[in-house]
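Some notes on the structure that comes next.
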Protein chains: 2
Amino acid sequence: MITIYDIAKLTGFSPTTVSKVFNDYADVSPKTRRKILEAAEQLGYLPNAHARSLTTKRSWTIGVLFNEPSGAGILHPYFAGVIEGFKKVSTSRGYDLMFISKDIGGKKSSYLEHCKIRGVDGVVVILPDFTDPYFLELLESSIPCVLLDQESVTKSTVCSDNMAGSIMAVEHLYSLGHRLIAHIGGGNTFAGKKRLQGYLHAMEELRLSVNPEHVVQGSYDYTVESGRLAMEELLQASERPTAVFAAGDNLAVGAMMAVKSHGLSVPGDISIIGFDDIEMVKFLTPSLTTIRQDTYALGNKAADMLIYTIEGGDEVQSDMIPVQLVIRESCRSL
Amino acid sequence: MITIYDIAKLTGFSPTTVSKVFNDYADVSPKTRRKILEAAEQLGYLPNAHARSLTTKRSWTIGVLFNEPSGAGILHPYFAGVIEGFKKVSTSRGYDLMFISKDIGGKKSSYLEHCKIRGVDGVVVILPDFTDPYFLELLESSIPCVLLDQESVTKSTVCSDNMAGSIMAVEHLYSLGHRLIAHIGGGNTFAGKKRLQGYLHAMEELRLSVNPEHVVQGSYDYTVESGRLAMEELLQASERPTAVFAAGDNLAVGAMMAVKSHGLSVPGDISIIGFDDIEMVKFLTPSLTTIRQDTYALGNKAADMLIYTIEGGDEVQSDMIPVQLVIRESCRSL
DNA sequence: GTGAAAGCGCTAACAC
DNA sequence: GTGTTAGCGCTTTCAC
């Protein structure tokens with residue numbers, strides 16, 4: 001391995017000066033800088049990130065925390081989109097991404113411990129289950145964090161405008177003439193609660209009464225199966241809704257399947273609107289009307305915030321990304 | 001930060017002995033070990049991975065290389081499934097995963113340089129485009145690698161049994177009475193070529209002639225749009241195929257869209273079979289008959305191989321994971 | 001502008 | 001069983 005000492009030896013300068021060149025110090029003469037750079041090139045020098053981190057206490061690494069137990073984690077398009085956007089800006093700012101789990105060295109540990117051992121500079125958290133004690137521990141630590149779809153006063157947060165999206169969804173159904181509008185909720189998650197809240201708010205604004213039987217919770221993992229189950233429940237209601245607003249596209253897909261399995265039609269008998277706009281839904285029959293989240297923008301913004309904190313900013317930030325109604329075929333006009 | 005020196009001071013032992021305890025050396029008395037462990041616990045000691053790596057030249061980190069230019073990268077369910085499986089076993093073996101890009105420190109560099117700077121112990125490569133010069137450079141290096149869907153004599157490889165899967169697909173169509181079977185290819189990728197090969201092989205075995213107009217290439221990125229385009233082309237053929245074997249589910253979905261847009265029915269007029277079994281396709285109308293790849297097993301196996309190499313094994317391994325025909329509604333019997 | 005010296009936290013000979 | 005010593009590759013005072 002080529003080190004700065006090799007370059008020092010070759011050029012006759014000291015390791016200190018070589019180091020200064022690679023750290024863009026101003027007090028190196030242009031001539032010296034050039035010679036050192038040439039020697040580095042010639043020797044094929046590459047810096048050693050571990051050695052650098054050991055002295056500087058900066059790893060230029062960002063930990064990525066996401067849902068593992070459900071396994072849905074990375075497989076969900078929401079996660080993938082956010083990470084893609086996050087990676088884009090963090091990479092361009094010089095940071096690499098590392099997955100953080102509760103395992104380390106094959107042994108169980110906490111997220112916080114894992115982060116400290118690896119010396120990550122910050123963490124992006126994409127974890128629907130905010131009751132996890134290990135997550136709480138991380139929140140209380142002093143490690144820079146940005147949270148997606150969470151609320152916090154100590155850490156920065158980013159989320160979609162869930163309220164506005166839900167209101168759009170309900171208003172869209174209303175404008176089509178629907179009055180009996182049901183809701184399949186996203187469980188006990190931040191997004192799920194906001195969307196429920198948006199639904200309730202919109203119903204009230206429109207002076208529509210909410211039949212308690214018309215609000216059922218899907219599980220926090222937003223799976224198709226969970227949507228199917230929820231729809232089965234809705235179908236048992238004394239009064240059948242004419243439209244359903246599902247808090248996630250997977251839930252909506254499950255709901256569509258349930259409706260069809262009862263020999264009913266979407267949108268003939270029941271209109272369905274989702275939330276997310278994951279890629280698949282535009283190919284369904286009928287294609288799904290939904291509220292599009294800009295996952296890429298969510299990731300971008302999260303990275304901006306986290307790096308701001310890592311690099312010394314101490315203001316706790318929080319931002320909401322606009323969402324958009326995408327009209328397709330799954331909702332009909334009455 | 002608590003170091004082994006703090007523990008040494010507190011317990012009266014030397015840093016060496018403390019270090020030995022954490023590295024499970026046998027020559028430490030049980031009593032000493034216990035005292036040191038207690039002190040560590042009490043002080044809240046956590047090891048410093050950078051310092052450790054600096055001396056041992058082992059980072060317990062595995063680099064993940066995947067397709068970035070297309071952006072399809074992590075968003076494709078294939079990638080997500082493989083990584084999920086890969087992460088599972090590597091984590092349990094003590095390794096963490098880090099994304100490797102061509103950017104580092106905000107500057108352009110090569111994958112190989114990135115790996116060396118970060119000191120990763122090995123790399124898993126999930127890159128359809130094997131003509132990338134930076135990928136070639138990595139292949140020629142001595143860094144432990146495992147490649148997915150690639151061929152190599154110097155590095156270990158894992159892939160699905162693409163040939164067998166393609167043969168299954170064609171035979172399935174044949175058994176349903178189809179004789180005019182077209183193919184939408186996966187472009188100039190390893191998997192794409194194997195699947196084309198399997199198609200050709202099966203056609204020959206079944207003594208079916210292949211109309212050259214019935215073989216069209218989708219792009220290497222396996223997108224829906226690419227499948228749509230390819231199907232449009234097939235629809236121009238002098239003789240219309242009764243069935244199409246698409247080299248990927250996205251391609252198949254695109255093909256279905258094209259068929260429908262011409263007022264034709266799947267499977268009424270044209271039967272379609274895909275490859276992958278990504279989650280969405282079972283919810284399509286008609287649901288897609290396809291060849292299922294076990295992406296999780298692919299990832300598991302890749303991790304096993306890579307860790308084998310990292311930990312000193314010098315045999316170049318290669319393995320093929322079985323695939324499976326999943327019959328749904330998109331192929332009809334003639 | 002340049003360099004000497006110390007130290008980041010840890011492990012690995014080797015001696016005792 | 002335990003400790004001494006040196007060193008991994010780099011950065012950072014601080015002196016020149």
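Letters A, B, ... are given to chains in the order of the sequence lines, protein chains preceding strands, and every chain is numbered from 1.
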Checklist entry - Starting at the 5' end of DNA chain D, which residue's closest nucleotide do you reach first, L54(B) or V18(A)? => result L54(B)
Checklist entry - Looking at R52(A), does any N or O in its side chain come under 4.0 Å of the phosphate oxygens OP1/OP2 on dG9(D)? => result no
Next on the checklist: Less than 4.0 angstrom between a side-chain N/O of Y25(B) and OP1 or OP2 of dT2(D), yes or no?
Outcome noted: no
Item to check | N48(A) CG - dT11(D) P separation (whole Å) | outcome: 10 Å
Item to check | Side chains of D314(B) and Y308(B), donor plus acceptor under 3.5 Å | outcome: no
Checklist entry - With sugar-phosphate meaning primed atoms plus P, OP1 and OP2, does K57(A) contact a base, only sugar-phosphate, or nothing at under 4.0 Å between heavy atoms? => result sugar-phosphate
Checklist entry - Rounded to whole angstroms, how far apart are CZ on F13(B) and P on dT2(D)? => result 6 Å
Item to check | Nucleotides bounding contact with chain B, strand DNA chain C, heavy-atom threshold 4.0 Å | outcome: dG9(C) to dA13(C)
Next on the checklist: Any base atoms under 4.0 Å from D27(B), or only sugar-phosphate, or nothing? Heavy atoms, all strands.
Outcome noted: base
Checklist entry - Which part of the nucleic acid, if any, lies within contact of G12(B), taking any heavy atom under 4.0 Å across all strands shown: a base, the sugar-phosphate backbone alone, or nothing? => result sugar-phosphate
Item to check | Heavy-atom check, side chain of V120(A) versus side chain of I62(A), under 4.5 Å | outcome: no
Checklist entry - Hey, which of these two, A51(B) or S19(A), hits DNA chain D nearer its 5' end, going by closest nucleotide? => result A51(B)
Checklist entry - Does D132(A) have any side chain to side chain donor-acceptor pair (under 3.5 Å) partners at least two apart in sequence or in another chain, and if so, which? => result K102(A)
Next on the checklist: Just the rounded figure in Å: distance from P of dG9(D) to NZ of K20(A).
Outcome noted: 22 Å
Next on the checklist: For a quick test of reading the model: is some side-chain N or O of T32(B) closer than 4.0 Å to OP1 or OP2 of dG1(D)?
Outcome noted: no
Checklist entry - Any salt bridge between E38(B) and R34(B), counting N to O under 4.0 Å? => result yes
Item to check | Y45(B) ring center within less than 6.0 Å of F22(B) ring center | outcome: yes
Item to check | Protein-nucleotide distance (H50(B), atom NE2; dT11(D), atom P), rounded to Å | outcome: 14 Å
Checklist entry - Does T3(A) place a side-chain N or O at less than 4.0 Å from the phosphate oxygens OP1/OP2 of dC8(D)? => result no
Checklist entry - Would you find more than 12 non-hydrogen atoms of other residues, nucleotides or ligands less than 6.0 Å from K193(A) atom NZ? => result yes
Checklist outcome for this item: Between NZ of K9(A) and P of dC10(D) the distance, given in whole Å, is 13 Å
Next on the checklist: Of the options dG7(D), dT2(D), dT11(D), whose atoms approach the side-chain atoms of T55(B) most closely?
Outcome noted: dG7(D)
Item to check | Donor-acceptor pair present, T16(B) side chain and dT4(D) base, under 3.5 Å | outcome: yes
Checklist entry - Would you say I36(A) and T17(A) make side-chain contact, with heavy atoms under 4.5 Å? => result yes
Next on the checklist: Please classify the nucleic acid contact of Y5(A) as base, sugar-phosphate, or nothing, using heavy-atom distances under 4.0 Å.
Outcome noted: base
